[in-house]
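A short write-up of the structure that comes next.
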Amino acid sequence: MIEPIWAVTGMVVPALLAAIVLALTIRPWRKSCSIHSMHLGWALAILVGFGTGYFVTLGWPHAPMVAVDYLGLVALIAVVVQLGVNLSNCPSWVVPIARSILAIALTPLLLISYIEHSWSASEIVLWLSALCLASVAIQGLMTALSHRAGRDLPVVLGVCAGAVGLANLMSAWETGGQLGLTLAAAIFGGAAIAMLMSCKIAARGVTIVVMPIYLGLLVIGHFYNSLVGWHAIVLAIAPLAAWVGEIPKLKSKSAPWVIAIVRLVCVGIILLAVLFPVVFAFIESMSDEYAY
Amino acid sequence: MLTVNRESNRGTNRSPKGIVAGLMFMMMTIVSVMALSMTTSTARAADGESTKYALDKAHTAIYFKIEHMGMSYTFGRFNEFDGEFTLAGGDSQFTMTIKAESIDTGNAKRDDHLRGSDFFNVKQFPTIEFVTKNVVVEGDMYHAEGDLTLHGITKSVTIPFQKLADGKARSGKKKTGFVSEFTIKRSDFGMMYGQGAMGDDVTLAVSFEGEAE
């Protein structure tokens with residue numbers, strides 16, 4: 001159950017903190033902006049915003065024991081990777097390698113304790129190969145999109161994260177629901193600042209920290225909780241629908257706000273395809289009168 | 001050589017009083033040895049009377065209750081479990097394994113939630129286990145100190161088992177039964193979700209029978 005006090009501390013506060021951190025880092029009132037500061041800004045904004053919501057929901061961090069602890073660790077590693085490659089003068093080829101390693105490591109890290117009890121050796125190889133490939137592909141495509149898309153991409157990601165939160169919440173994993181909503185709040189907080197920017201690189205860096213958390217919530221939601229398999233798959237690929245805005249004819253002939261609406265509508269339709277049955281099933285089960 | 005000679009001299013020169021006293025001493029020694037021997041064998045029998053019982057699942061129940069918003073208690077039970085116990089005085093042992101997925105509170109939606117990451121996390125921690133380390137017997141009470149592993153965390157707890165009665169199964173094998181009620185804190189086992197709305201104390205009521213193997 002989402003308590004009003006949690007709605008403030010787990011959503012409003014993370015959104016405000018993410019907005020403040022991003023504003024202080026990129027200073028949107030300046031006319032110039034750099035890719036370097038965008039990467040830094042998004043990494044710190046999501047770290048502070050999502051970190052606050054994570055702390056409010058789960059308490060002080062401790063040595064990882066359950067999958068959701070590893071999710072916190074994944075988020076931290078993603079921030080460190082993003083900060084590390086931006087703050088150091090490392091060669092350009094290090095950046096994609098570091099991100100790929102993180103994308104590959106994501107699912108084995110989250111499923112480490114699931115594997116032990118649930119899969120045979122062949123299933124481990126098959127499942128982990130498929131999940132690692134999907135993770136690398138989705139994160140790679142979203143990072144590529146962040147290099148091309150404008151200020152609307154963070155909004156699209158925020159909507160997707162909110163949908164993942166609702167799907168988990170209504171699939172009997174309330175902590176996962178709260179973490180999805182807190183991630184959405186942090187992204188929206190940052191997106192509000194990105195909207196004030198005049199340059200077109202406002203989405204650079206947003207996916208690198210957001211996507212591992214986003215996919216991680218789906219992996220835990222399905223494998224450890226009751227999120228239906230095809231719902232998890234559709235939610236995982238839903239952000240890719242934002243590529244529709246990159247269709248050459250649409251991009252060259254349409255105003256940015258038109259492209260943003262097209263992206264939101266396409267992603268929204270896919271998200272609704274999952275949310276509709278999830279919400280319907282949830283309302284139907286309300287007859288059980290269960291609260292906790 | 002000198003010693004032998006002295007003894008032989010004593011034997012030959014013994015008075016009737018001395019013979020009587022010697023006989024009495026011998027008899028007392030024999031009686032004492034016999035008594036000691038009997039005591040020891042009785043003690044050995046008691047110590048050695050070790051009977052191993054397999055859990056009779058048809059006559060075993062594991063229930064729990066937890067406070068809900070300070071207004072009432074929600075009751076639940078575990079439907080799948082296994083175990084055995086050995087009764088041997090202070091060397092008794094109780095072992096029980098519960099399948100966490102079998103939790104049943106009479107509400108399917110709540111049970112799904114309880115099986116998930118917010119509570120039991122059954123995919124990661126499929127079993128709840130209790131294994132004794134030490135048992136103190138006081139009459140019918142067996143105070144079993146042991147390791148309870150729940151939600152991946154192992155804590156030392158003492159569970160008081162009260163032996164109700166012995167009996168015989170239809171097969172003719174010896175049977176016995178216990179009941180127990182004890183309370184644990186779910187926060188001790190890392191189950192922090194919903195603190196406040198739900199109580200931290202979980203009271204377990206266990207009743208089981210075992211059939212001698």
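Reminder, nothing fancy here: chain letters follow the sequence lines and each chain counts from 1. Nothing here was measured: the structure is a model prediction, and the numbers come from that model.
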Would one find more than 12 heavy atoms of other residues, nucleotides or ligands at under 6.0 Å from atom [atom1] of [X]?
X	atom1	answer
B/Glu101	CD	no
A/Phe280	CZ	no
B/Lys133	NZ	yes
A/Trp127	CH2	no
B/Lys163	NZ	yes

Measure the spacing between [atom1] of [X] and [atom2] of [Y] and express it to the nearest 0.5 Å.
X	Y	atom1	atom2	answer
B/Phe125	A/Tyr224	CZ	OH	8.5 Å
A/Tyr114	B/Lys123	OH	NZ	5.0 Å
A/Ile220	B/Gln124	CD1	CD	9.5 Å

Most heavy-atom pairs under 4.5 angstrom with chain A, which of B/Gly152, B/Gly116, B/Gly190?
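Top option by heavy-atom pairs under 4.5 Å: B/Gly116.
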
B/Ser117 and its side chain to side chain contact (heavy atoms under 4.5 Å, CB included) partner, picked from A/Val66, A/Asn225, A/Thr175, A/Asn168:
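Going through the options one by one, the only one that passes is A/Asn225.
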
Let me know if B/Asn121 has heavy atoms under 4.5 Å from chain A in its side chain, its backbone, both or neither.
side chain

On a heavy-atom basis, the closest approach of A/Ala172 and B/Asp118 is O-OD2, 4.4 Å

